[in-house]
Chemist: 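Supplied in structure tokens, the structure appears directly below.
Here is the naming used below: chain letters follow the sequence lines, and residue numbers restart at 1 for every chain.
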2 protein chains.
Amino acid sequence: MPRPTKHAPERGNARIRLLEAARDIIRAKGFAATSVDDLCKAADVTKGAFFHHFASKEALGVAAADFWAETTSAFFEAAPYHGPTDPLARLLAYVAFRKAIIQGEIAEFTCLVGTLAQETYASAPDIRDACARSIFGHTATLETDIEAARQSRGITADWTAASLARHTQTVIQGAFVLAKAASDPALARESLDHLDRYIRHLFHPAEEDAA
Amino acid sequence: MPRPTKHAPERGNARIRLLEAARDIIRAKGFAATSVDDLCKAADVTKGAFFHHFASKEALGVAAADFWAETTSAFFEAAPYHGPTDPLARLLAYVAFRKAIIQGEIAEFTCLVGTLAQETYASAPDIRDACARSIFGHTATLETDIEAARQSRGITADWTAASLARHTQTVIQGAFVLAKAASDPALARESLDHLDRYIRHLFHPAEEDAA
DNA sequence: ACGCATACCGACCGTATGGTATGTTATTTT
DNA sequence: AAAATAACATACCATACGGTCGGTATGCGT
């Protein structure tokens, strides 16, 4: 009987439960509108536990962005879009995958670090920088495929792999903004279709594509 | 001597000064992090004046989004990109104009209703809807040119003028998110270059463009 | 001159907030 | 087993917040 205590709500994982609560609540309400008490209630921990694990609310923001970076990079590494052997096919599979996971509640498919960066860019530089690390760390995972596709197709146009990788995130982040404004995930998927078409155009400038 | 009162700070325009303060401060700090006192100080009015003009902070949010819609639509109507007679040239001039005005401090060129919608989409539907009216009202001004360009070029691809108009806003909104995360307006301009290239590709599928 | 509406003032209120101080319990170290 | 430490829990605090309220000043129609 290793846990004979009265009601003990699983000691030792309060930190992770707080980070998960932050991930979910901040995406729905924003950082400033999310109170420490909100997070404690959702994570079923006390305020003492919160300030034991995080020096301040701002420190939690940084940790939440880092946590997002870790979990999403693991998620994308395990995602099926790495299947194709051709780098361009992988890139297009990535875009298709990003489109496919835009489903259900808006707060469930949108990006924590995008909203967090937008809200804190001027008032909390350390949170902003953690968000930037997450976003641009993710774009970096696309660059090698883009560069390989560029070279295999002999593309010499005046854009770089890094800039196209960033542009995919631009479209994804913007798609979330429009979806939120209209309360309609379809608007986000629509822009990913344009992104898909753009990428195909970049690599097949002449012919019309047939998936 | 029509105004012999002690120090009277220009009676009658407190409402507009509050809306201007809201426009500037909310873009920098976000809606939730902007207090009513912040706005009153910046607008140099008292709290009494604030709640005389706005029933609540949320009502100010709606009014600020409406004010943004009015001022920006006037701004874009007066902008020089309407010069070209060809509708495609006007569309490209629009994109170039959007790129050209991305300068200076981030809070000065970014979009109020984009950040506001992202922050309030779940918690304040009336603010969100006001933001949506502003965003999609603006996209509507692009649709006629896009549709005219489509027809003059005989484009029959499977995208609509409305969806391309929305996509331009997606790219612009996303560009602001990346610029904020990286504290670098150049990232926003970079994505507008991709948008420009995409539009040219859509309307000149074969040839390489020469401005 | 009078009445009235609009515009504004500034003190005040109840609550929510981020944060702290101190105590208690489990876990690891020695 | 003892000591040290990490992981909580609880009560509390100062302040900041959105909002209210009674009052004042100014312009305008009559």
Chemist: Rounded to whole Å, please give me the gap between CZ in A/Arg15 and P in D/dA7.
Modeler: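 Result: 10 Å.
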Chemist: Any side-chain N or O of B/His53 below 4.0 angstrom from OP1/OP2 of C/dC8?
Modeler: yes
Chemist: Against A/His138, only a single residue in A/Trp68, A/Tyr94, A/Phe75 fulfils ring pair (Phe, Tyr, Trp, His ring centres under 6.0 Å); can you say which?
Modeler: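 When ring pair (Phe, Tyr, Trp, His ring centres under 6.0 Å) is applied between A/His138 and each of A/Trp68, A/Tyr94, A/Phe75, only A/Tyr94 qualifies.
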Chemist: Please report the distance, rounded to the nearest Å, between CG in B/Leu60 and P in D/dC17.
Modeler: 15 Å
Chemist: Taking atom P of C/dC12 as reference, at what distance in whole Å does atom CG of B/Asp37 sit?
Modeler: 16 Å
Chemist: Quick one: do the A/Ser183 and B/Arg128 side chains pair a donor with an acceptor below 3.5 Å?
Modeler: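 Result is yes, a qualifying pair exists.
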Chemist: How close or far is atom P of C/dT27 from atom CG of A/Asn13, stated in whole angstroms?
Modeler: 12 Å
Chemist: Just compare D/dT10, C/dG18, C/dC9 and give me whichever is closest to any side-chain atom of A/Thr46.
Modeler: D/dT10
Chemist: Taking the nucleotide of DNA chain C with the nearest heavy atom to each, does A/Asp38 or B/Lys47 sit closer to the 5' end?
Modeler: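 Per heavy-atom nearest nucleotide, the more 5' residue is B/Lys47.
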Chemist: Considering only D/dC8, C/dG18, D/dG18, which nucleotide approaches the side chain of B/Ser35 most closely?
Modeler: D/dG18
Chemist: Between D/dC8 and A/His52, is there an OP1 or OP2 to side-chain N/O distance shorter than 4.0 Å?
Modeler: no
Chemist: Return the value, rounded to whole Å, for the distance between atom CZ of B/Phe51 and atom P of C/dC12.
Modeler: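 Between P of C/dC12 and CZ of B/Phe51: 18 Å.
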Chemist: Report yes or no: is there a donor-acceptor pair, N or O only, under 3.5 Å between the side chain of A/Lys57 and the base of C/dG19?
Modeler: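 Answer no: no donor N or O sits under 3.5 Å from an acceptor.
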Chemist: What's the verdict on side chain to side chain contact (heavy atoms under 4.5 Å, CB included) for B/Ser191 and B/Leu195, showing C-alpha distance, side-chain angles and the deciding distance?
Modeler: CA-CA 6 Å; B/Ser191 268; B/Leu195 177 61; over 6 Å; no
Chemist: Separation of B/Phe50 atom CZ from D/dT20 atom P, in whole Å?
Modeler: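 Distance check: B/Phe50 CZ to D/dT20 P gives 12 Å.
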Chemist: Can we call the ring centroids of B/His167 and B/Tyr198 under 6.0 Å apart?
Modeler: yes
